[in-house]
There are 2 protein chains.
Amino acid sequence: MVAPSDLFGALSVPGDPPPDMFEPVTTVRMSQVVVDQIRAHVRSGRLSPGDKLPSERDMCDVFAVSRVTVREALRILEANGIVEIRIGAQGGAFITSPSRQRVGESLADLMLLSPITALEVTEARIVLEMGLIPLVVERATSEDLDDLRRLCEQARVALANDTYTMAMSGAFHMRLASSAHNTAIESLAHGFYGNMVSSLRQAQNVAPVMGHVGTQEHLAVVEAIAARNVEAATSVMSRHLHRTEERVRSAHSESVHTD
Amino acid sequence: MVAPSDLFGALSVPGDPPPDMFEPVTTVRMSQVVVDQIRAHVRSGRLSPGDKLPSERDMCDVFAVSRVTVREALRILEANGIVEIRIGAQGGAFITSPSRQRVGESLADLMLLSPITALEVTEARIVLEMGLIPLVVERATSEDLDDLRRLCEQARVALANDTYTMAMSGAFHMRLASSAHNTAIESLAHGFYGNMVSSLRQAQNVAPVMGHVGTQEHLAVVEAIAARNVEAATSVMSRHLHRTEERVRSAHSESVHTD
DNA sequence: AGAAAGCCATCGGTCATACCATTAGTCCTA
DNA sequence: TAGGACTAATGGTATGACCGATGGCTTTCT
């Protein structure tokens, strides 16, 4: 009679490390497999923004899975900003063209939920904004400058009305970043300011007077850009950002005491 | 008998633009509501990394929804990197502590799927890396410098063996970024190089000889940092990055022809 | 007594079916 | 012809069931 172990004699070689005959069986979620397939098609360009995926019920047949699985896959794709779901007749899952808005949101979300301090974010902001100033000076269009001036004017009015918010400052900085005409940089700025607006709101109350100085500096930056003067723009921006950094630093040390 | 319209008499004021009495009825997905509640608790700190959410079946009771809805919510939270699901007994949804790794992955993913060109990414890289040089010069520890020198040495050996890869260059730049001792900057760098490694792989073949020059420049940057010489480090780095930019630019124009 | 083997409760993964809500297109009526 | 009602397509949700994986508990053998 053959002992059971002999049936696997070829595999059980004592003292001999078994080579890669078998791979560990990976338990992959079916919904993840569906996601990977669709994502691969998007990356390869076989699926382009605006394209419509089959209806959920049709995808059940295509992928040979239940509707629950298809729907979970769609939730993942939707959360990743790859598809957009529309309900009703002629609805369905449409491949999205990821907007700066969405990229920025995700970035902001990641920063909010990760152990990154406001101080670190501010420092990264300084790096980013100081670096993009030369690009803006070089590329800003008259439309960019008009928008920036308008934002400064709105801030001035809001300050007079005592309705100035941190979001208005963020809007200025985001518009400034978009004036660099580089989508990647613009997305990063969106991420930073989406984060800043919520995480540094307290700093606004700490120093409401700062708004006046800050707004004046904003305007000074815009005019330096309009004059295509890199040095002046850099100088003003540096002062502006480092003043913000100090404010964050003090707000932080304060919260340490009060928390 | 009261006409139906009279029941809303107070609301139907002809000629008077209706103020914000009614809000548009938004059909929000129930799974999204669940996501929002959990996410809010994470943001407020009531849920911390490592905490375990109730089991799916328990959450059905808590939120008064079906298991399908709970599971879709979990898929969204998982895709956002907020929770991690473990199967089996004592499994469930655990709040994750977002690692640099994850943040970087998501960032890279966002860039891959968004209409951001390699050229734009490279430009953003230049802004980031030039900006972080002063921080690195100020903060780099001997451990940082040792690691960077080791990476340079590995690259030298790999070049001799003809096993040099773009990933090795990326590793150097990521380690350089982490030497700034700023989590936010480190995450951004991870995002950039995770993206670069895949999107610019072709550039490697275009100019394999470049590796020698690039590695020598890497080493020069390290030594300038070790000497705490901001100007020298900035100068070398600027040359290095702009050479890379040119390479990307030519690779891009080439791919335009070959694609 | 200690260790190995097996059993079991828990919990996520998947499926099938049913019904509701929303939406766009169509058709019918005034 | 214009407006409203009907209809089909499609996503959203609920229910109930079963399977697979996992870790702890119990049993059994040495």
Side-chain angles (χ1 to χ4, degrees), chain A residues 3-5 7-8 12 14 22-39 47 50-96, chain B residues 4-5 22-38 47 50-96:
Chain A
S5 64
L7 292 174
F8 297 90
S12 60
F22 291 136
E23 293 181 5
V25 177
T26 60
T27 303
V28 189
R29 251 198 295 248
M30 287 187 152
S31 56
Q32 191 59 51
V33 177
V34 173
V35 167
D36 290 342
Q37 280 199 37
I38 296 175
R39 184 200 293 270
L47 283 174
D51 288 355
K52 179 177 177 299
L53 296 177
S55 73
E56 295 182 354
R57 289 167 178 90
D58 286 349
M59 278 196 274
C60 293
D61 296 336
V62 173
F63 293 107
V65 295
S66 79
R67 202 166 150 220
V68 176
T69 302
V70 169
R71 284 180 59 80
E72 291 196 359
L74 289 177
R75 290 294 85 75
I76 295 172
L77 290 169
E78 193 183 26
N80 285 16
I82 296 174
V83 304
E84 167 196 346
I85 276 76
R86 295 205 278 267
I87 64 178
Q90 301 306 318
F94 296 81
I95 307 294
T96 62
Chain B
S5 64
F22 290 137
E23 295 180 4
V25 177
T26 59
T27 303
V28 189
R29 252 198 294 249
M30 288 189 143
S31 55
Q32 190 58 51
V33 177
V34 173
V35 167
D36 291 343
Q37 281 198 37
I38 295 175
L47 283 174
D51 288 355
K52 179 178 176 301
L53 296 178
S55 73
E56 295 181 354
R57 289 168 177 90
D58 286 349
M59 279 196 273
C60 293
D61 297 337
V62 173
F63 293 106
V65 295
S66 78
R67 200 166 152 224
V68 176
T69 302
V70 170
R71 283 181 59 81
E72 291 198 358
L74 290 177
R75 289 294 85 74
I76 296 173
L77 290 169
E78 193 183 27
N80 286 15
I82 295 174
V83 304
E84 167 195 345
I85 277 76
R86 294 204 278 267
I87 65 178
Q90 303 305 317
F94 295 81
I95 307 294
T96 62

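As a basis for the values below, the full set of heavy atoms in this structure was taken, side chains included, without hydrogen atoms, waters or symmetry mates. Protein chains get the first letters and strands the later ones, always in sequence-line order, with residue 1 at the start of each.
Look at A:T69 and you won't find any side-chain N or O under 4.0 angstrom from OP1 or OP2 of C:dG13. Between A:R75 and D:dG12 there is a side-chain N or O to OP1 or OP2 distance below 4.0 Å.
Each of A:V68 and A:A93 has a nearest nucleotide on DNA chain D; the 5'-most of these lies closest to A:A93. Comparing B:A64 and B:A89 along DNA chain D, the residue whose closest nucleotide (by nearest heavy atom) sits nearer the 5' end is B:A64. Nearest-nucleotide assignment on DNA chain C puts the 5′-proximal partner with B:I85, out of B:I85 and A:G88.
Distance from the side chain of A:R71 is smallest to D:dG12 among D:dG12, C:dC15, C:dG12. Of the candidates D:dC18, C:dA18, D:dT22, D:dC18 carries the atom nearest the B:R67 side chain, counting heavy atoms from C-beta on. Side-chain atoms of B:S66 lie closest to D:dT13 of the nucleotides D:dT13, C:dA16, C:dG13.
The interatomic distance linking B:I76 (CD1) with D:dT13 (C1') rounds to 14 Å, in whole Å. Rounded to an integer number of Å, the gap from CZ of A:F94 to C1' of D:dA9 is 12 Å. Nucleotide C:dA24 holds its P atom 10 Å from the CD1 atom of A:I87, rounded to whole Å. What separates CD of A:E56 from P of C:dT22 is a distance of 16 Å, to the nearest Å. Rounded to whole angstrom, the span from the CG atom of B:L77 across to the P atom of C:dG12 amounts to 14 Å.
At the heavy-atom level, A:R86 lies under 4.0 Å from the strands shown only through sugar-phosphate atoms. Counting non-hydrogen atoms under 4.0 angstrom, A:R57 reaches a base of the nucleic acid.
Residues B:L74 and B:L53 are in side-chain contact: their nearest non-hydrogen atoms beyond the backbone lie under 4.5 Å apart. Side-chain contact between A:V34 and A:M59 is absent, with no heavy atoms from C-beta onward closer than 4.5 Å.
Using a cutoff of 4.0 Å between basic side-chain nitrogens and carboxylate oxygens, B:R75 and B:E78 are scored as salt-bridged.
Summarising the geometry of A:S66 relative to A:C60, their closest heavy-atom pair is C-SG, 3.7 Å, with the distance given to 0.1 Å.
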